[in-house]
Amino acid sequence: MKNRILTILLSMAAILPMTTMAQSAMQIMDKTAAKLKSSGGIQASFTATQFKKTTEGQSVNGKIDISGKCFYMNSQQMSSWFDGKTQWTMIAGSGEVNVSTPTAQELQQMNPYQFVDLYKSGYSASVTNYQYEGKSCHNVRLVAKKKGKEIQEMRIVIDKNTYLPYSIRILQKNGDWFRLRVTGIKTGQKWNQSHFQFSPKDHPNIEVIDLR
């Protein structure tokens with residue numbers, strides 16, 4: 001009987017640190033989500049890199065303006081507007097802009113900050129301490145509980161003082177990784193709704209192709 005009680009206690013002792021770690025990771029994510037949502041408009045400069053499995057591919061530098069669910073992303077390769085419902089995507093040099101109603105997965109690829117709405121749904125969480133460019137950070141790992149999810153894993157480096165993210169890595173269902181490194185960030189920014197909508201007046205020679 002004593003041996004059985006000892007075995008139960010040892011099992012509980014092994015499980016407890018894992019439970020505490022998961023709760024701690026979720027608390028960090030809660031604080032990060034609250035920080036991002038309460039910071040007003042966010043403007044971030046970034047370097048985005050696509051990987052084929054673990055082989056690093058092309059990197060793109062750009063900027064993204066975010067207000068609630070709306071965003072405007074601009075880089076040398078493309079520009080994209082999303083007003084909360086409709087998305088306009090313009091590839092540099094193509095002479096056209098595509099209009100669509102994006103899926104949640106498509107939005108995640110364009111706006112990695114959407115993790116603030118995803119982490120509570122179907123992911124287990126853990127956290128480790130991490131040094132990022134000399135700053136003390138949390139490294140939160142989110143792993144999908146189901147293999148069918150489009151996003152299988154997210155790793156988010158979060159400043160311990162500001163609770164703002166510095167790096168976001170995403171593992172897609174096909175095994176490819178996507179990494180976004182934040183090189184600069186401003187909070188409290190304000191824009192009109194039109195900032196997140198494509199303007200034909202500003203692009204008079206661009207053909208509009210409606211894919212909805």
Side-chain angles (χ1 to χ4, degrees), residues 29-48 50 60-123 142 144 146 148-154 156 163-165 168-174 176 178-180 182 184-212:
M29 291 302 299
D30 287 342
K31 290 181 179 179
T32 300
K35 177 69 175 183
L36 290 172
K37 290 179 179 180
S38 66
S39 292
I42 295 173
Q43 183 177 75
S45 53
F46 64 83
T47 299
Q50 187 71 45
V60 175
N61 296 321
K63 290 186 178 181
I64 186 167
D65 299 336
I66 305 169
S67 180
K69 293 184 178 181
C70 304
F71 69 85
Y72 165 61
M73 190 279 292
N74 182 47
S75 70
Q76 290 182 336
Q77 284 74 16
M78 67 179 297
S79 297
S80 184
W81 300 257
F82 179 66
D83 65 0
K85 180 180 178 181
T86 302
Q87 182 175 6
W88 296 261
T89 303
M90 183 172 67
I91 305 298
S94 68
E96 61 186 39
V97 61
N98 292 325
V99 187
S100 63
T101 303
T103 64
Q105 289 79 11
E106 289 170 340
L107 286 174
Q108 180 67 51
Q109 293 176 354
M110 296 300 300
N111 177 16
Y113 276 53
Q114 294 241 340
F115 72 80
V116 300
D117 294 319
L118 292 177
Y119 73 95
K120 289 184 177 181
S121 177
Y123 291 89
L142 303 171
K146 294 183 179 180
K149 272 190 173 290
E150 188 65 31
I151 297 173
Q152 282 294 297
E153 185 176 333
M154 289 180 278
I156 306 161
Y163 283 93
L164 291 172
I168 304 164
R169 288 173 288 173
I170 297 171
L171 176 62
Q172 301 166 20
K173 185 171 62 174
N174 63 4
D176 293 343
F178 171 81
R179 182 185 67 205
L180 183 138
V182 178
I185 188 166
K186 296 178 182 178
T187 59
Q189 306 298 297
K190 294 182 180 180
W191 300 281
N192 295 326
Q193 182 69 6
S194 59
H195 182 69
F196 305 103
Q197 298 171 331
F198 174 80
S199 173
K201 293 182 180 179
D202 294 336
H203 305 277
N205 299 318
I206 298 297
E207 180 183 1
V208 178
I209 300 177
D210 198 330
L211 301 177
R212 293 170 293 180

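Closest approach of Lys149 to Ala144, counting heavy atoms only: CD-CB, 3.8 Å. Nearest heavy atom pair, residue Lys146 against residue Gln152, reads O-NE2, 3.1 Å. Trp81 and His195 get closest at one heavy-atom pair: CD1-O, 3.5 Å. In terms of heavy-atom proximity, Gln172 sits nearest to Phe178 at NE2-CB, 3.9 Å. Nearest heavy atoms, Gly84 versus Cys70: N-SG, 3.8 Å. The shortest non-hydrogen separation linking Ile66 to Trp191 is O-CZ3, 3.6 Å.
Although no hydrogens or angles enter the test, the distance criterion places a donor-acceptor pair under 3.5 Å between the side chain of Gln193 and the main chain of Asp83.
Relative orientation of the Phe198 and His203 rings is parallel, given thresholds of 30° and 60° on the angle between their planes.
With rounding to the nearest 0.5 Å, the separation of CG in Leu164 from OG1 in Thr32 is 8.0 Å. One finds the CG atom of Leu142 at 12.0 Å from the CG atom of Leu171 (value rounded to the nearest 0.5 Å). Taking OG1 of Thr187 as the start and CD1 of Ile42 as the end, the distance is 7.0 Å to the nearest 0.5 Å. Here the OG atom belonging to Ser194 is positioned 9.0 Å from the CG atom belonging to Asp202, to the nearest 0.5 angstrom. With values rounded to the nearest 0.5 angstrom, Ser79 atom OG is found 9.5 Å from Ile206 atom CD1. For the atom pair CG (Asn98) and OG (Ser80), the distance works out to 10.0 Å, reported to the nearest 0.5 Å.
By the 4.5 Å heavy-atom criterion applied to side chains, Val60 and Gln50 are not counted as neighbours. Inter-residue side-chain proximity for Asp210 and Val208 is flagged as unmet; no heavy-atom pair is nearer than 4.5 Å. For the pair Asp65/Gln189, no side-chain contact is recorded, criterion being any heavy-atom separation below 4.5 Å from C-beta on. Between Ile156 and Met29 the shortest side-chain heavy-atom distance falls below 4.5 Å. Glu153 has its side chain out of reach of Arg169: every pair of non-hydrogen atoms, C-beta onward, lies at least 4.5 Å apart. In this structure, the side chains of Arg212 and Val99 come closer than 4.5 Å at one or more pairs of heavy atoms. In this structure the side chain of Pro165 never reaches within 4.5 angstrom of the side chain of Leu180, judged on heavy atoms. Using a 4.5 Å heavy-atom cutoff, the side chains of Phe82 and Gln87 are in contact.
For Asn192, the CG atom sits in a loose shell: 12 or fewer heavy atoms of surrounding residues, nucleotides or ligands are nearer than 6.0 Å.
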